[in-house]
Amino acid sequence: MPAAALKSKPLPTQSTTKRSVRLDSPYVPMEKRPLPAGRPREWYVTHNRRLKAMRLAIALLDLGIFLPGQARNETIRSTAEKIGVHPPSDTTCHMVRAFMRYSR
């Protein structure tokens, strides 16, 4: 008997194996937790900028804008207004396009 036949199958590791997942439920944001204390101010600024850029990139993808070249600063800023986010800076707009470029 081959050695592979003696091994039992590993148990599923996904958390969804014991409960069903509703995919059609509306999006509910995760509960916010405080950021870790003691980091330099620049870390918090960059962290929040990345979160904002990610939200905007997801919103642009939902609107059908899939290529970074289609996401001009005006488009990103109008999308921010639609989803209720403060208008992003040029740096954040650049980061949104970078997220769209490297998500493939």
Side-chain angles (χ1 to χ4, degrees):
M1 182 180 269
L6 297 175
K7 290 185 179 180
S8 63
K9 291 185 178 180
L11 295 173
T13 57
Q14 293 182 349
S15 62
T16 57
T17 57
K18 296 179 182 154
R19 58 184 169 84
S20 62
V21 177
R22 291 186 54 198
L23 296 176
D24 58 346
S25 62
Y27 169 75
V28 178
M30 294 177 58
E31 183 179 329
K32 289 188 177 181
R33 297 180 312 188
L35 293 174
R39 306 233 175 158
R41 176 174 170 72
E42 189 59 34
W43 183 89
Y44 298 103
V45 171
T46 305
H47 175 77
N48 289 329
R49 179 169 287 164
R50 284 184 187 135
L51 291 178
K52 184 177 190 176
M54 185 59 73
R55 282 189 207 102
L56 287 168
I58 291 169
L60 287 168
L61 291 172
D62 288 343
L63 290 173
I65 298 172
F66 299 110
L67 299 174
Q70 296 172 328
R72 297 185 328 272
N73 287 357
E74 300 82 28
T75 308
I76 295 171
R77 289 188 175 113
S78 66
T79 303
E81 186 178 328
K82 288 178 188 174
I83 65 171
V85 176
H86 286 286
S89 65
D90 290 341
T91 305
T92 306
C93 291
H94 180 75
M95 194 176 285
V96 169
R97 285 188 290 276
F99 275 134
M100 294 176 77
R101 186 173 301 117
Y102 295 115
S103 66
R104 297 175 187 216

- [ ] Working to the nearest 0.5 Å, report the span between OG of S89 and CG of N73.
- [x] 9.0 Å

- [ ] Consider only side-chain heavy atoms of I, L, V, M, F, W and Y, link residues closer than 4.5 Å, and tell whether V96 and L61 are in one cluster.
- [x] yes

Considering only distance and modelled atom types, tabulate donor-acceptor pairs under 3.5 Å from the side chains of residues 45-59, sequence neighbours left out.
residue: T46; atom: OG1; partner: E42; partner atom: O; Å: 2.9
residue: N48; atom: ND2; partner: Y44; partner atom: O; Å: 3.3
residue: R49; atom: NE; partner: T92; partner atom: OG1; Å: 3.3
residue: K52; atom: NZ; partner: H86; partner atom: O; Å: 3.0

Open item on the list: Would you compute the distance between atom CE of M100 and atom CD1 of I65 and round it to the nearest 0.5 angstrom?
Closed with: 6.5 Å

Open item on the list: Quick check: is L63 connected to F66 through a chain of hydrophobic side chains (ILVMFWY, heavy atoms under 4.5 Å apart)?
Closed with: no

Task: Approximate separation, where rounding is to 0.5 Å, of R72 CZ and Q70 CD - done: 10.0 Å

Open item on the list: Whether K82 and D62 form a salt bridge (side-chain N of Lys/Arg under 4.0 Å from carboxylate O of Asp/Glu) is what I want to check.
Closed with: no

- [ ] Examine distances only and state if a side-chain atom of R97 and a backbone atom of A71 form a donor-acceptor pair shorter than 3.5 Å.
- [x] yes

Open item on the list: Looking at R77, is its backbone amide N or carbonyl O close enough to the side chain of E81 to form a donor-acceptor pair, meaning the two atoms are under 3.5 Å apart?
Closed with: no

